[in-house]
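In this chain, residues are counted from 1 in sequence order.
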Amino acid sequence: MIGRLFRLAPRLMELQELGARQYGLGFARGRALWALRESGPVLMRTLSQALGVSPRTVTDLVDALEADGWVTRSPHPTDRRATIIALTTSAEAVLARLDLSYRSLAYALVGDVAPADLRRMRAVIGQLEDRLDESVAKSVATFEAGSSAPLPGRTGGRPPAPGGRQRRVAD
């Protein structure tokens with residue numbers, strides 16, 4: 001069953017990104033714009049926290065979004081050190097069109113699924129979300145702990161040194 005989820009996830013992401021690519025939005029830009037759409041105008045540091053990125057990263061992101069006409073910056077009315085970030089009206093219009101497209105896709109996928117099945121689907125997806133980070137961390141740790149066997153094409157499980165030479169353990 002996990003194999004089916006792995007096959008489904010990239011297909012869903014491809015559909016999600018289709019509209020965003022049409023407007024020149026990558027994952028990070030789209031994520032920032034959707035966060036702003038959900039929250040409304042926010043302080044730069046609030047956006048940084050919502051996205052889980054450093055203030056420097058969000059500054060670079062906002063610089064690019066502002067240069068392309070997606071967001072505006074304005075001073076905070078009472079704190080001269082703070083900057084408020086907001087969507088432009090054209091960005092709001094694009095996001096509304098994308099939202100409608102995503103909602104249409106959702107309806108096409110699950111519009112005729114029985115309400116009880118939808119509730120169960122939401123519950124199961126919620127359980128998967130809750131368990132995902134911890135389960136992946138455990139799996140990675142278990143895999144890495146047992147990785148003393150050489151990887152295919154490598155000697156001793158260590159990546160080759162630049163130029164194809166095998167690195168010594170002391171490297």
Side-chain angles (χ1 to χ4, degrees), residues 2 5-111 113 115 118-145 159 162:
I2 196 74
L5 287 174
F6 282 133
R7 287 190 302 273
L8 182 62
R11 291 171 65 196
L12 289 172
M13 288 302 298
E14 182 177 316
L15 289 171
Q16 180 184 11
E17 291 174 355
L18 185 62
R21 282 193 307 259
Q22 180 180 1
Y23 297 102
L25 298 174
F27 179 76
R29 286 178 166 213
R31 197 167 156 240
L33 294 174
W34 286 109
L36 283 168
R37 184 172 194 250
E38 188 175 306
S39 69
V42 294
L43 293 171
M44 185 90 88
R45 70 175 163 260
T46 304
L47 182 58
S48 172
Q49 292 166 348
L51 298 175
V53 298
S54 72
R56 178 69 186 145
T57 299
V58 87
T59 298
D60 290 344
L61 184 57
V62 168
D63 286 347
L65 289 169
E66 184 180 35
D68 290 343
W70 292 99
V71 300
T72 60
R73 284 184 166 113
S74 59
H76 189 279
T78 60
D79 183 352
R80 63 187 173 123
R81 297 170 297 160
T83 302
I84 298 175
I85 309 303
L87 293 172
T88 62
T89 48
S90 60
E92 289 173 359
V94 167
L95 292 175
R97 284 194 303 270
L98 285 171
D99 186 52
L100 182 60
S101 174
Y102 296 150
R103 288 176 186 273
S104 295
L105 174 61
Y107 184 78
L109 290 174
V110 298
V113 175
L118 282 175
R119 283 191 298 277
R120 183 70 187 137
M121 185 186 329
R122 282 187 192 103
V124 170
I125 290 171
Q127 288 175 336
L128 291 173
E129 286 177 326
D130 292 344
R131 296 175 182 174
L132 185 62
D133 290 338
E134 181 181 344
S135 296
V136 168
K138 285 180 182 177
S139 292
V140 167
T142 300
F143 181 78
E144 288 175 348

S.K.: So how far is it from Leu61 CG to Met44 CE, rounded to the nearest 0.5 Å?
M.R.: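 One gets 9.5 Å once the value is rounded to the nearest 0.5 Å.
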
S.K.: Only distances under 3.5 Å count here; give the side-chain donor-acceptor pairs of residues 85-96 to other protein atoms, sequence neighbours excluded, each with its distance to 0.1 Å.
M.R.:
from  : atom 1 : to    : atom 2 : distance (Å)
Thr88 : OG1    : Gly69 : O      : 2.9
Thr88 : OG1    : Trp70 : O      : 3.4
Thr88 : OG1    : Ser90 : OG     : 3.2
Thr88 : OG1    : Ala91 : N      : 3.1

S.K.: Partners of Leu43 by side chain to side chain contact (heavy atoms under 4.5 Å, CB included), sequence neighbours excluded?
M.R.: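 Partners of Leu43 by the side chain to side chain contact (heavy atoms under 4.5 Å, CB included) criterion, ordered by chain and then number, come out as Arg45, Thr46, His76, Ala82, Ile84.
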
S.K.: Tell me whether Glu134 at atom CD has more than 12 heavy atoms from other residues, nucleotides or ligands lying less than 6.0 Å away.
M.R.: no

S.K.: Any side-chain heavy-atom pair from Asp63 and Arg73 closer than 4.5 angstrom?
M.R.: yes

S.K.: Is a salt bridge present between Lys138 and Asp133, judged by a nitrogen-to-oxygen distance below 4.0 Å?
M.R.: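 Judged by the 4.0 Å cut-off on N to carboxylate O distance, Lys138 and Asp133 do not form a salt bridge.
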
S.K.: Which heavy atom in Leu109 sits nearest to a heavy atom in Val113, and how many Å separate them?
M.R.: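 The pair with the smallest heavy-atom distance is O-CG2, 4.4 Å.
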
S.K.: Taking all atoms of both residues into account, what is the closest heavy-atom pair of Ala35 and Leu47, and its distance?
M.R.: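 Closest pair (atom of Ala35, atom of Leu47, distance): CB-CD1, 4.1 Å.
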
S.K.: Give a yes-or-no answer on whether the side chains of Ser104 and Ser101 include a donor-acceptor pair shorter than 3.5 Å.
M.R.: no

S.K.: Heavy atoms only: give me the nearest Ser54-Ser48 pair and the separation to one decimal.
M.R.: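 Residues Ser54 and Ser48, closest heavy atoms: C-OG, 3.5 Å.
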
S.K.: Kindly compute the distance separating CG (Leu98) from CH2 (Trp34), expressed to the nearest 0.5 Å.
M.R.: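 If we round to the nearest 0.5 Å, Leu98:CG and Trp34:CH2 are 5.5 Å apart.
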
S.K.: Nearest 0.5 Å please: distance from the CG atom of Leu65 over to the CG atom of Leu36.
M.R.: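 The CG atom of Leu36 is 8.0 Å from CG of Leu65, to the nearest 0.5 Å.
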
S.K.: So do Val62 and Thr83 actually touch side chain to side chain, heavy atoms under 4.5 Å?
M.R.: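 No. Closest side-chain heavy atoms not under 4.5 Å.
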
S.K.: Would you check if Val136 and Leu132 make a side-chain contact, meaning some heavy-atom pair closer than 4.5 Å?
M.R.: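 Yes, at least one pair of side-chain atoms sits under 4.5 Å.
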
S.K.: Would you mind reporting whether Ser39 and Val42 have side-chain heavy atoms less than 4.5 Å apart?
M.R.: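 A side-chain contact exists here, since the closest heavy-atom pair is under 4.5 Å.
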
S.K.: Quick test of your reading: applying salt bridge (Lys or Arg N to Asp or Glu O under 4.0 Å), list the pairs with at least one residue in residues 24-34, sequence neighbours left out, ordered by first then second residue.
M.R.: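 Passing the test, one end in residues 24-34: Arg29-Asp68.
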
